2 protein chains.
Amino acid sequence: MDVMADQAVAKRARGLDRAFEILDYLRLRREPANPNEIASQIGAPRSSVYELVGLLLRQGILEHVDGEGRVYLGRKLFFLGNAYEEHYDFTRECDRVLEGLATETRETAQFCMLDGNKYAVVRMREGARPFRISSDIGRPVPIPWTASGRLLIADMSDSEILDFVPREDFRLPDGSWLDPMAFIGEARAAARTGVFTFDSIVDSFTRCFAVAVPGMGRRCIATVCLVAPRDDGVRNHDRYIDALKAAAVRLGSIGIPKP
Amino acid sequence: MDVMADQAVAKRARGLDRAFEILDYLRLRREPANPNEIASQIGAPRSSVYELVGLLLRQGILEHVDGEGRVYLGRKLFFLGNAYEEHYDFTRECDRVLEGLATETRETAQFCMLDGNKYAVVRMREGARPFRISSDIGRPVPIPWTASGRLLIADMSDSEILDFVPREDFRLPDGSWLDPMAFIGEARAAARTGVFTFDSIVDSFTRCFAVAVPGMGRRCIATVCLVAPRDDGVRNHDRYIDALKAAAVRLGSIGIPKP
DNA sequence: TGTGCATGTCCACAATAACAGACATCGAAA
DNA sequence: TTTCGATGTCTGTTATTGTGGACATGCACA
């Protein structure tokens, strides 16, 4: 019985969801933390977090790392991830393809997919340069910030895209606002050719080349990308695109799980 | 109000525990399954499993794999496992060491640890033979069945060991019964030298060599092993042990997470 | 010595999640 | 055709659990 019925009434979170919030927090933090800190960072009740951390420790999903208190992702996650990797063993072929791309172009090659409603690098091979360019594996990045992002949402309708991509992800790292319809326009154009290239909007010195990897009856379930210094990128545009297209063909024929 | 108070009264399982039961079931099965089948195999109520599978799908922890119904481990597990691997990046050095062992001895080299109260191969490098010997990564095996098992429980007291190792794990694959005290005796002897060698009891043609990797103030947090055909094993015993000891020294100096 | 903050434990209670079981399909076998 | 099993959905009920908050430390600093 509440006067403000539509107000969010401090809903109780489900244990499972909280648990995976904890895991994701640790994953993104990439460093151990104690339950107290986890609770305050993810905005969850301390008592809940203490209980859940206890359960996850018992399961081997988390591990004590310190003398005391601090916990981090546990070995069982490693085993589970391993089983995933083995089942969809596209990773082997994928690494071979990236290896070929990286040696051929001397640029950093990446294999990217969606992770929920974000973009993430799944596999990477750094280029053969004195100063190498690289990204974190698995770190979620707003879709509109990336070249691949234009391709990965190719099969959605306009309204699906607008529902799928969080509103705030159209705010670019430099603070400027990317009009969602402009983004969709770029995505539509990219979908036609299966290629998208631009000067990266997450920094000021790289140029990104993304090519769609089709599969499972969809136009783009993943992308292969090159990340190059801008001048090299401009100079070698055609060569890079050709290399990526060949790589995408190779990757398109192996079994990649659908996003 | 129950007449039989000490009887297990069909306890309701916790969602989190059920969820990880599901994940482990899929991991060990190493193949997709539909919720119905999962429920019957792990002995859980169908309605619960359907709900949990739904939640895990939303989290990206499970993925639909089929046209319909069947699910398997999802990409998020891959990312989580990746973060674990990166944090404890002993895997890199570990692989190098195993590579060295495998080329030097031409036998299959393994890096093993405890997974809960079981033994599991964490990394492996197959030997350079026409017929290679290998194991599944991450598959839990009863501790008493393995050479490494003798070493991995080195720091426990007798009663801790008896509590830790499930009673039924002393039943060997050939049906014979390994006396727990005999096992402990072997373990104590092995702990003194840090070495254990025997003709494998899980098959009839291999000989196993295990050497303890100490760390974190404990005598054995992991093992390095060679799995060889019996005749080769006998012939090269000393050479293999020496190689393993050198490998263990290298591994002991890198940061390995405690079990 | 007192004050404040960070850490961890414990408890009681409402909210709700796990469960049993009914129901609805669908395809294959009889 | 009926029957059966396998699959998935939807309830209502009740045992459980997530939560707020009290309590207990211990440490740093004034």
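In what follows, chains carry the letters A, B, and so on, assigned in the order in which the sequence lines appear, proteins first and then strands, with residues in each chain numbered from 1. Side chains are part of it too, since the values below use all heavy atoms of this structure and drop only hydrogens, waters and symmetry mates. Only a predicted model underlies this, so the values are computations on that prediction, with no experimental measurement involved.
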Legend entry - Worked verdict on A/Asp115 versus A/Arg27 for salt bridge (charged side-chain N to carboxylate O under 4.0 Å, His left out): CA-CA 13 Å; A/Asp115 173 25; A/Arg27 169 164 82 95; 3.3 Å; yes
Legend entry - d(CG, A/Leu52; P, C/dG8) in whole Å: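 Computing the A/Leu52:CG to C/dG8:P distance gives 15 Å.
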Inset, instruction - Indicate, with a heavy-atom threshold strictly under 4.0 Å, whether A/Ala13 touches base, sugar-phosphate, or nothing. - result: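 Contact class for A/Ala13: sugar-phosphate only.
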Inset, instruction - Measure the distance from CZ on A/Arg46 to C1' on D/dT25 and round it to the nearest whole Å. - result: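 Taking CZ of A/Arg46 and C1' of D/dT25, I get 12 Å after rounding.
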Inset, instruction - Indicate whether OP1 or OP2 belonging to C/dT7 is found under 4.0 Å from a side-chain N or O atom of A/Arg70. - result: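 Checking A/Arg70 against C/dT7: no side-chain N or O falls below 4.0 Å of OP1 or OP2.
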Inset, instruction - Rounded off to whole Å, could you give me the CD-to-P distance for the A/Glu37 and C/dC5 pair? - result: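 Atom CD in A/Glu37 sits about 17 Å away from atom P in C/dC5.
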Inset, instruction - First locate atom CG of B/Leu56, then atom CG of A/Leu16, and finally report the distance between them rounded to the nearest 0.5 Å. - result: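 One gets 5.5 Å once the value is rounded to the nearest 0.5 Å.
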Inset, instruction - Please tell me which of the listed nucleotides, D/dT14, C/dT16, C/dG8, lies nearest to the side chain of A/Asn36? - result: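 Ranking D/dT14, C/dT16, C/dG8 by closest atom to the A/Asn36 side chain puts C/dG8 first.
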Legend entry - First of A/Ser47 and B/Ser47 reached from the 5' end of DNA chain D, by closest nucleotide: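 Nearest nucleotide further toward 5': that of B/Ser47.
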Legend entry - Between D/dT17 (C1') and B/Arg18 (CZ): distance, integer Å: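 Answer to the nearest Å: 16 Å.
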Legend entry - Closest-nucleotide 5' rank along DNA chain C - winner of A/Tyr50 and B/Ser48: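 The residue closer to the strand's 5' end, by nearest nucleotide, is A/Tyr50.
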Ignoring hydrogens and angles, write down the donor-acceptor pairs under 3.5 Å from the side chains of residues 46-54 of chain B, residues two or more places apart or on other chains.
unit_1  : atom_1 : unit_2  : atom_2 : d
B/Arg46 : NH1    : B/Asn36 : OD1    : 3.2
B/Glu51 : OE2    : A/Arg14 : NH1    : 3.4
B/Glu51 : OE2    : A/Arg14 : NH2    : 2.3

Inset, instruction - Considering just the side-chain nitrogens and oxygens of B/Arg14, establish if one lies under 4.0 Å of OP1 or OP2 belonging to D/dT17. - result: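 Indeed, a polar side-chain atom of B/Arg14 lies that close.
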Inset, instruction - Answer yes or no: is there a side-chain heavy-atom contact under 4.5 Å between B/Ile201 and B/Asp174? - result: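 A side-chain contact is absent here, since even the closest heavy-atom pair is not under 4.5 Å.
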Inset, instruction - Would you please test B/Tyr88 and A/Phe78 for ring pair (Phe, Tyr, Trp, His ring centres under 6.0 Å) and show each step? - result: CA-CA 11 Å; B/Tyr88 303 113; A/Phe78 169 74; 9.9 Å; no
Inset, instruction - Let me know the distance between NE2 of B/His64 and P of D/dG8, rounded to the nearest Å. - result: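 So the NE2-P distance, B/His64 to D/dG8, works out to 9 Å.
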Legend entry - Interatomic distance where CG belongs to B/Leu16 and P belongs to C/dT16 [whole Å]: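 Distance check: B/Leu16 CG to C/dT16 P gives 18 Å.
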Inset, instruction - Find the distance B/Arg12:CZ to C/dG21:P and express it as a whole number of Å. - result: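 Rounded to the whole Å, the gap is 14 Å.
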Legend entry - Value in whole Å for how far the C1' atom of C/dT16 lies from CG of B/Leu55: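 The distance from CG of B/Leu55 to C1' of C/dT16 comes to 13 Å, rounded to the nearest Å.
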Inset, instruction - Please figure out whether B/Gly15 or A/Asn34 has its closest DNA chain C nucleotide nearer the 5' end. - result: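 It is A/Asn34, whose closest nucleotide lies nearer the 5' terminus.
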